[in-house]
Amino acid sequence: LSFPSVTWAEQKSNIKMSKHFPNIPPEIIEEVVGKSHFDLDGVKSLVEKRPELSRSVWEWRFGDFESAIGAASHVGRRDIALYLMSKGARPTLFTFTMLGHLNVVKSAIEATPGIQETTGPHGISLLDHAYAGERMKDQMTKSEIETYGRTLGIELDHWSRPLIIYPVWAMLMVQII
């Protein structure tokens with residue numbers, strides 16, 4: 001009995017396989033996660049070629065895992081987070097916090113009391129993600145700002161850190177007590 005695949009396996013090939021095959025080479029994952037902190041065009045150039053990179057995760061060491069969308073979330077890059085989501089990235093509670101979706105955050109805390117104490121990549125808190133969401137207000141449309149403001153209980157004309165963050169902070173602290 002002869003199997004052609006066994007015969008193929010014995011033949012030498014000039015094709016060089018990555019030692020990580022079939023996984024994505026780690027240097028590519030590191031690059032997309034790294035660029036997700038600051039470089040929308042760089043992220044687009046990588047993800048357009050390989051949409052699965054929108055869901056990539058890098059381990060910085062000692063169990064500090066960071067996804068591409070997690071990177072965009074903790075630095076307040078809603079443009080990058082929204083782009084990654086459009087390509088299949090899975091948003092997290094931290095992403096929704098940065099985007100100002102208070103109802104999602106509230107529902108998660110009601111469903112799983114204590115989850116608000118969980119930290120994201122690099123030990124960054126939900127509250128810090130809420131602060132980060134304010135970062136791109138100058139690049140947000142009026143509608144996005146109004147939605148963000150309504151979600152967090154502020155008026156467009158009263159955009160300031162304490163007023164934006166207070167509802168998130170209060171909701172997080174009430175659940176802790």
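Residues Ala89 and Ser54 come closest through the heavy atom pair CB-O, 3.2 Å. In plain terms, the two heavy atoms of Val33 and Ala71 that are nearest each other are O-CB, 3.6 Å. Minimum interatomic distance between Ala81 and Ala72 (heavy atoms only, all atoms of both residues): N-CB, 3.7 Å. Nearest approach of His74 to Pro121, heavy atoms of both residues: CD2-CB, 4.5 Å.
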Run Phe38 and Val75 through side chain to side chain contact (heavy atoms under 4.5 Å, CB included) and show every step you take.
CA-CA 8 Å; Phe38 63 90; Val75 297; over 6 Å; no
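Using a 4.5 Å cut-off between side-chain heavy atoms of Ile, Leu, Val, Met, Phe, Trp and Tyr, Val57 falls into a hydrophobic cluster with Phe65. Summarising the hydrophobic clusters (Ile, Leu, Val, Met, Phe, Trp, Tyr; side-chain heavy atoms under 4.5 Å, direct or chained), the residues clustered with Val104 are Phe96.
Thr112 contributes no side-chain N or O that, together with a main-chain N or O of Ile109, makes up a donor-acceptor pair within less than 3.5 Å. Side-chain atoms of Gln116 come within 3.5 Å of backbone atoms of Gly114 as a donor-acceptor pair (strictly under, hydrogens ignored).
To the nearest 0.5 Å, atom CG of residue Asp79 and atom CG of residue Leu82 are 7.5 Å apart. For the atom pair Leu46 CG and Asp41 CG, the distance stands at 11.0 Å (nearest 0.5 Å). From Ser36, atom OG reaches atom CH2 of Trp58 across 13.5 Å, with rounding to the nearest 0.5 Å. For the atom pair Leu93 CG and Ser107 OG, the distance stands at 10.0 Å (nearest 0.5 Å). In this structure, CD on Glu66 lies 10.5 Å from CD on Glu30, to the nearest 0.5 angstrom. Taking CD1 of Ile69 as the start and OG1 of Thr95 as the end, the distance is 4.0 Å to the nearest 0.5 Å.
Salt bridge status for Lys87 with Glu48: present, with a side-chain N to carboxylate O gap under 4.0 Å. For Glu31 and Lys35, the salt-bridge test passes: some basic side-chain N is under 4.0 Å from an acidic carboxylate O.
A tilted orientation is assigned to the rings of His129 and Phe94, their planes being inclined by 30° to 60°.
Tyr83 and Met85 fall within the same hydrophobic cluster, where Ile, Leu, Val, Met, Phe, Trp and Tyr residues are linked whenever their side-chain heavy atoms come under 4.5 Å apart, directly or through other members. By the criterion of side-chain heavy atoms lying less than 4.5 angstrom apart, applied directly or through intervening Ile, Leu, Val, Met, Phe, Trp or Tyr residues, Ile24 is grouped together with Val32 in one hydrophobic cluster.
Of the options Leu40, Asp39, Val43, a side-chain contact (heavy atoms from CB on, under 4.5 Å) to Arg77 is made by Leu40 and by none of the others.
Residues Pro25 and Ile29 have side chains not in contact (no heavy-atom distance under 4.5 Å, counting atoms from C-beta outward). Counting only heavy atoms from C-beta outward, the side chains of Val47 and Arg55 never approach each other to under 4.5 Å.
For the 3.5 Å distance criterion, the side chains of His122 and Asp64 qualify, holding a donor opposite an acceptor.
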